[in-house]
*Asks:* 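Below you'll find the structure I mean.
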Amino acid sequence: MHDGDAIALGLALESGIPFAAVHEIIRQQRRDLTLIGPISDMAFDQMIAAGTVAKVIAAWVGNVAGGSGYGFRRAYEQGQPRRIVMEDHSNFTVGLALKAAAMGLPYLPTFTGLGGDIVRSHPRIRPIDDPFGGPPLLAVGALRPDVAIIHVQRADPQGNAHLWGNLGLTVEAAYAARRTIVICEEVVPDAVIRSDPNRTVIPGFLVTAVVEEPGGALPSSVQGYWRRDFEPFLSYHRISRTPEGFASWLREWVLDLPDRQAYLRHMGAPTSERLRVTDRRLAAATNFAP
Amino acid sequence: MHDGDAIALGLALESGIPFAAVHEIIRQQRRDLTLIGPISDMAFDQMIAAGTVAKVIAAWVGNVAGGSGYGFRRAYEQGQPRRIVMEDHSNFTVGLALKAAAMGLPYLPTFTGLGGDIVRSHPRIRPIDDPFGGPPLLAVGALRPDVAIIHVQRADPQGNAHLWGNLGLTVEAAYAARRTIVICEEVVPDAVIRSDPNRTVIPGFLVTAVVEEPGGALPSSVQGYWRRDFEPFLSYHRISRTPEGFASWLREWVLDLPDRQAYLRHMGAPTSERLRVTDRRLAAATNFAP
Amino acid sequence: MTATYNRRELMVVAAAREIHDDEVVFVGMRLPLLGFGLAKATHAPNAVGLFENGVIRDQPAETFIYTMGDPPNIAGAVACLGLLDVMSLLQQGRVDVGFIGGAEIDPLGNLNTTRTSGSGWMIRLPGSGGAGDIASLAGRTVLIMEHEPRRFRERVDYVTSPGHFPGRRRGGPATLITTLGVFDLSGGRVRAASLHPGIRAQQVREATGFPIDIDDEVAATTPPSAEELAYIRHADPQGFWTGDAVKAG
Amino acid sequence: MTATYNRRELMVVAAAREIHDDEVVFVGMRLPLLGFGLAKATHAPNAVGLFENGVIRDQPAETFIYTMGDPPNIAGAVACLGLLDVMSLLQQGRVDVGFIGGAEIDPLGNLNTTRTSGSGWMIRLPGSGGAGDIASLAGRTVLIMEHEPRRFRERVDYVTSPGHFPGRRRGGPATLITTLGVFDLSGGRVRAASLHPGIRAQQVREATGFPIDIDDEVAATTPPSAEELAYIRHADPQGFWTGDAVKAG
């Protein structure tokens with residue numbers, strides 16, 4: 001991760017948000033980052049309020065539980081702690097921008113957004129004609145992140161990754177990015193991945209690094225591993241209403257904690273036990289025997 | 001299925017080819033069909049030689065085991081038993097044509113085929129400019145089948161279908177088609193499908209009909225259910241070299257057999273036992289517990 | 001005789017009534033999510049629900065969900081696809097009706113959830129999410145709003161989710177459900193279809209920042225039945241979305 | 001001292017040598033598939049193989065496969081995606097090298113697998129399959145051909161898989177492996193890199209329907225080692241693709 005990088009994260013929408021990586025980026029005091037994602041939930045708000053962000057390319061920036069993201073609002077409305085540039089999208093247009101890059105294309109056409117202001121004088125979206133004579137469309141230009149940070153359930157050491165539950169734009173971003181970092185609940189033997197090749201949404205040769213970080217997405221959920229912890233989203237929403245409140249949250253939950261293990265300890269065993277999924281609801285048997 | 005329909009099948013390439021449906025279409029003496037698929041293996045050749053086909057939209061027409069498809073060659077070279085129109089594609093362009101329809105777009109852009117003859121004066125492919133000023137591209141026009149015939153391992157009564165192993169263009173065709181017919185090895189309770197929603201490649205509301213036809217794809221393979229029977233592809237290749245040979249093959253394997261059950265009986269128990277997958281190589285456990 | 005209910009519960013019922021059987025519905029969170037479940041449980045058992053994160057459900061989640069990505073919304077879904085898969089189906093015209101909300105609305109049904117200076121200073125809102133796509137591409141849209149003068153503006157500052165406009169290919173706002181009534185937007189203007197019990201026309205006019213058609217004989221919104229209320233209170237036991245404290249949309 | 005071998009086996013070895021370690025390879029069937037396995041087993045252990053049906057493998061199938069869709073090619077794959085997924089990776093430039101064959105070739109490396117009148121009457125061939133895409137989009141392509149005069153034409157009747165042409169964005173034919181030798185096509189003309197042991201320049205010229213550069217000191221193709229032969233005969237025990245009877249490409 002370098003200052004000025006364009007980073008895609010939070011791609012599965014409300015689940016699998018790599019908060020451990022988000023907090024580490026804040027601790028490392030990265031600067032001038034561009035954030036890319038559909039609806040980023042409070043991860044983007046935290047990075048913006050911490051002053052690491054110069055630009056946001058997203059469809060929705062806030063706190064899904066609470067609504068407004070106060071860090072985002074302060075940066076956008078008052079330039080505090082710094083001014084940010086916002087490239088507004090809808091979920092579909094940011095998805096098409098990533099998909100275009102994933103397909104090795106300069107753009108993809110769409111009808112979405114016509115008649116609205118998002119696509120008006122947009123740096124990445126232009127009106128085009130249908131070469132077959134149909135009604136006019138919009139061209140959504142390719143968006144290639146420098147880095148995509150993906151949280152999955154399991155991956156092998158080569159980065160071949162099994163992801164289930166919400167997918168959102170995870171696959172598109174992993175294909176599109178110059179570097180893809182896979183964070184997983186478990187690094188597993190390659191035999192586990194090979195047992196179900198249709199579950200491998202990200203082939204290992206696209207992956208730059210594999211990191212085993214159980215609970216690295218908390219307080220967001222990971223299907224089959226962690227429930228969503230609702231309370232931190234609400235309490236962050238309340239406390240981040242003022243810069244002072246955010247600063248105290250930042251100290252308590254990021255700066256004063258060296259890593260995710262410390263975060264989990266600070267969260268407390270009772271909470272993590274409540275959130276950890278222990279019961280099993282397994283996918284039906286699927287036979288790959290040749 | 002009606003005369004003149006545009007039918008997509010053989011979408012997973014060499015596996016899951018719905019031969020039972022293909023032979024029934026021949027028995028029903030459908031006429032003037034348009035066939036759509038990537039590499040159709042001998043299914044298209046059989047339908048063409050039987051005189052049911054007016055047009056083929058595909059990247060490859062022949063017999064993967066043997067090479068040339070003699071039925072296709074006779075129709076194309078000599079108009080026997082009838083003249084056919086060929087719309088040549090590459091696998092990528094026929095896939096993009098289906099994907100454009102699946103996305104509700106008039107076309108998708110691509111760089112493939114530039115400098116070659118497939119895309120030259122093609123009814124569905126045109127040169128276009130990159131609205132962002134990059135190098136010129138090609139626009140592949142949307143292709144919307146009237147019917148897509150899909151062979152899957154299991155589906156619930158609503159048509160929610162689990163497919164694993166080769167996917168090819170199955171999903172794109174099911175999304176693009178006006179009507180989608182799902183042929184499955186097993187109709188299963190919806191609980192089986194719900195246990196693994198990421199495995200549901202075709203949502204039921206896109207499906208017009210669900211047919212349980214075990215072995216309906218033989219002699220092509222179905223992962224976890226049937227091995228590929230190699231010999232019938234070679235023997236068909238040999239016998240279909242002459243119109244008389246094809247006629248005798250057609251009588252023996254299609255016209256004189258009322259249905260797929262009769263086909264399996266005619267194939268013989270030893271063969272079907274040899275082809276049936278009995279051992280298990282199960283996908284690793286995947287937990288969806290909330 | 002009907003049980004007592006609050007306006008949120010009435011809005012959920014009104015939302016449910018906008019869903020017909022066998023329809024494919026692009027479901028939002030909050031009130032529309034409850035409305036979808038209520039419709040499934042009553043008059044629309046065969047409706048199918050799509051969520052912008054890629055989830056497709058033909059029955060509501062077994063337990064309460066705070067976001068569409070919560071694990072209970074995945075478990076038991078008939079399909080869990082990618083965002084672009086469901087958006088493709090939406091763009092293809094396979095979705096009959098979609099629900100969206102907004103901070104501001106104008107007479108054409110344009111919704112603003114991006115930024116507003118209505119209050120004198122500029123306020124940044126979260127943005128479109130999938131709302132702009134649903135507004136653009138669904139067969140028809142149902143809008144859910146708080147009915148307040150500052151939200152009902154002659155012209156919104158920013159059109160996040162386009163309403164009716166010349167050259168629209170498909171769909172557009174059909175119905176607006178507010179804290180005061182149910183309104184028909186299909187004609188490109190706002191006409192009261194029903195006012196919630198106890199709401200007077202004058203009240204609605206005062207709460208609407210632009211001219212609005214209210215017939216003198218305008219009907220009253222049919223109150224929730226005991227069964228409908230029972231469903232809502234089972235689905236939202238804490239009144240998380242339907243308690244009197246919370247905001248709509 | 002090297003074991004005896006036939007030309008197909010020599011072509012497999014030549015194909016394997018075109019694959020470098022850590023490369024992403026768009027694998028064909030027949031000889032290139034064996035070449036990929038051989039390269040993995042020898043000098044390119046970290047090469048990854050893509051198949052146009054969506055399969056991604058980092059090791060060959062455990063048992064012999066007749067088509068890339070055969071169940072043994074799925075079992076143990078690291079990924080099984082859709083056709084458009086792997087084509088997207090190809091178009092994105094993530095594939096280093098791809099293998100293709102053809103019925104006819106011209107000096108620019110254009111391949112024809114669609115239709116030809118070379119023999120006087122028109123013959124319809126199966127078509128492109130994925131070959132045209134690999135030829136267009138791979139980082140470089142390796143061509144595999146039967147070396148016969150009727151196949152080596154000044155100009156092919158139909159360009160199914162484009163060779164070198166003005167304005168090409170990327171790649172193009174790098175190497176041609178035939179039953180007679182290995183040829184460098186990178187310059188946009190055909191230059192002999194090596195002739196198979198026992199093959200004379202005159203023989204090659206007579207089998208080539210257009211002028212071809214053969215240096216007097218042209219090297220002989222390095223024969224398969226005993227280890228290489230052992231691998232090939234293990235991977236193709238019946239000589240299904242490498243027996244003397246079969247045809248190349």
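Lettering follows sequence order; numbering is per chain, from 1. Only this structure's heavy atoms are used, side chains among them; waters, hydrogens and symmetry mates stay out. Since the model is a prediction, treat every value here as computed from it, not as a measurement.
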*Asks:* Cation-pi check for A:F233 against A:R228: NZ or CZ below 6.0 Å from the six-membered ring centre and within 45 degrees of the axis, yes or no?
*Replies:* yes
*Asks:* I'd like to know if A:R274 pairs up with A:E231 as an ion pair, taking the criterion as any Lys NZ or Arg NE/NH1/NH2 lying under 4.0 Å from an Asp or Glu carboxylate oxygen.
*Replies:*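 Result for this pair is no, no salt bridge flagged.
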*Asks:* Under 4.5 Å, counting heavy-atom pairs only, tell me which of A:L96, A:I118, A:L13 racks up the most with chain C.
*Replies:* A:I118
*Asks:* Would you check if the distance from the ring center of C:F240 to the ring center of A:F230 is below 6.0 Å?
*Replies:*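 Ring centroids of C:F240 and A:F230 are less than 6.0 Å from each other.
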*Asks:* Given the options A:G224, A:G168, A:S15, which has more heavy-atom pairs under 4.5 Å with chain C than any of the others?
*Replies:* A:G168
*Asks:* Donor-acceptor check, side chain of A:Q153 to backbone of A:W164, threshold 3.5 angstrom: yes or no?
*Replies:* yes
*Asks:* Measure distances from C:T114 to the heavy atoms of chain A and classify the residue's part below 4.5 Å as side chain, backbone, both or neither.
*Replies:* side chain
*Asks:* Tell me, out of A:T112, A:V201, A:L167, who's got the most heavy-atom pairs with chain C below 4.5 Å.
*Replies:*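 Top option by heavy-atom pairs under 4.5 Å: A:T112.
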*Asks:* What part of A:F72 gets closer than 4.5 Å to chain C, counting heavy atoms only: side chain, backbone, both or neither?
*Replies:*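 The side chain, not the backbone.
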*Asks:* When you look at C:Y158 and A:D88, which way does the side chain to side chain donor-acceptor pair (under 3.5 Å) test go after all the steps?
*Replies:* CA-CA 12 Å; C:Y158 187 101; A:D88 271 294; 4.7 Å; no
*Asks:* Heavy atoms only, distances under 4.5 angstrom: which of C:T160, C:V86, C:I123 has the most pairs with chain A? Name it, please.
*Replies:* C:I123
*Asks:* With respect to chain C, which residue among A:R120, A:H89, A:R227, A:Q223 yields the maximal number of heavy-atom pairs within a distance under 4.5 Å?
*Replies:* A:Q223
*Asks:* Can you say whether A:S220 sits under 4.5 Å from chain C via the side chain, the backbone, both, or neither, judging by heavy atoms?
*Replies:*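 When you check distances to chain C, no heavy atom of A:S220 falls under 4.5 Å.
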*Asks:* Sort A:I39 into side chain, backbone, both or neither according to what part of it lies under 4.5 angstrom from a heavy atom of chain C.
*Replies:*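 Side chain only.
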*Asks:* Tell me, out of C:F51, C:W121, C:Y66, who's got the most heavy-atom pairs with chain A below 4.5 Å.
*Replies:* C:Y66
*Asks:* Under 4.5 Å heavy-atom distance to chain A, tell me which part of C:R115 shows up: side chain, backbone, both or neither.
*Replies:*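 For C:R115, side-chain heavy atoms alone lie under 4.5 Å from chain A.
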*Asks:* So what's closer than 4.5 Å to chain A heavy atoms on C:A75: side chain, backbone, both or neither?
*Replies:* both
*Asks:* Using heavy-atom distances under 4.5 Å, tell me whether C:R168 contacts chain A through its side chain, its backbone, both, or neither.
*Replies:* neither
*Asks:* Can you tell me how far apart OH (A:Y175) and CG (A:L169) are? Round to the nearest 0.5 Å.
*Replies:* 14.0 Å
*Asks:* I'd like to know if C:E18 and C:R140 make a salt bridge, using a cut-off of under 4.0 Å between side-chain N and carboxylate O.
*Replies:*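 No, this pair does not count.
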*Asks:* Can you tell me which of C:G167, C:G163, C:G130, C:G132 forms the most heavy-atom pairs within a distance under 4.5 Å of chain A?
*Replies:*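 The option with the most such pairs is C:G130.
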*Asks:* I'd like to know which of A:P136, A:G62, A:G116 tops the heavy-atom pair count under 4.5 Å against chain C.
*Replies:*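 That would be A:G116.
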*Asks:* Hey, which of A:G16, A:G115, A:P135 has the most heavy atom pairs under 4.5 Å with chain C?
*Replies:* A:G115
*Asks:* In residues 76-84 of chain C, which residues are in contact with chain A at a heavy-atom separation under 4.5 Å?
*Replies:* C:G76, C:C80, C:L81, C:G82, C:L83, C:L84
*Asks:* Is it true that C:R191 and C:D184 make a salt bridge, defined as a side-chain N closer than 4.0 Å to a carboxylate O?
*Replies:*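 Result for this pair is yes, salt bridge flagged.
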*Asks:* Looking only at heavy atoms and a cut-off of under 4.5 Å, which of C:N110, C:N73, C:I134, C:T67 has the most pairs with chain A?
*Replies:* C:T67
*Asks:* Could you tell me which portion of A:N166 (side chain, backbone, both or neither) has an atom closer than 4.5 angstrom to a non-hydrogen atom of chain C?
*Replies:*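 Contact with chain C is through both the backbone and side chain of A:N166.
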*Asks:* With only heavy atoms counted, which part of C:L125 is less than 4.5 Å from chain A, the side chain, the backbone, both or neither?
*Replies:*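 For C:L125, the backbone is the part near chain A, not the side chain.
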*Asks:* Could you state the interatomic distance from CZ (C:R153) to CG (C:N112), rounded to the nearest 0.5 Å?
*Replies:* 8.0 Å
*Asks:* For A:E273, is the CD atom crowded, meaning more than 12 foreign heavy atoms sit under 6.0 Å from it?
*Replies:*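 More than 12 heavy atoms, drawn from other residues, nucleotides or ligands, come within 6.0 Å of this atom.
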*Asks:* Please look at A:W226 and chain C and tell me whether the side chain, the backbone, both or neither of the residue comes under 4.5 angstrom of a heavy atom of that chain.
*Replies:* backbone
*Asks:* Take atom CZ of A:R144 as the centre, draw a 6.0 Å sphere, and report whether it contains more than 12 heavy atoms from other residues, nucleotides or ligands.
*Replies:* yes
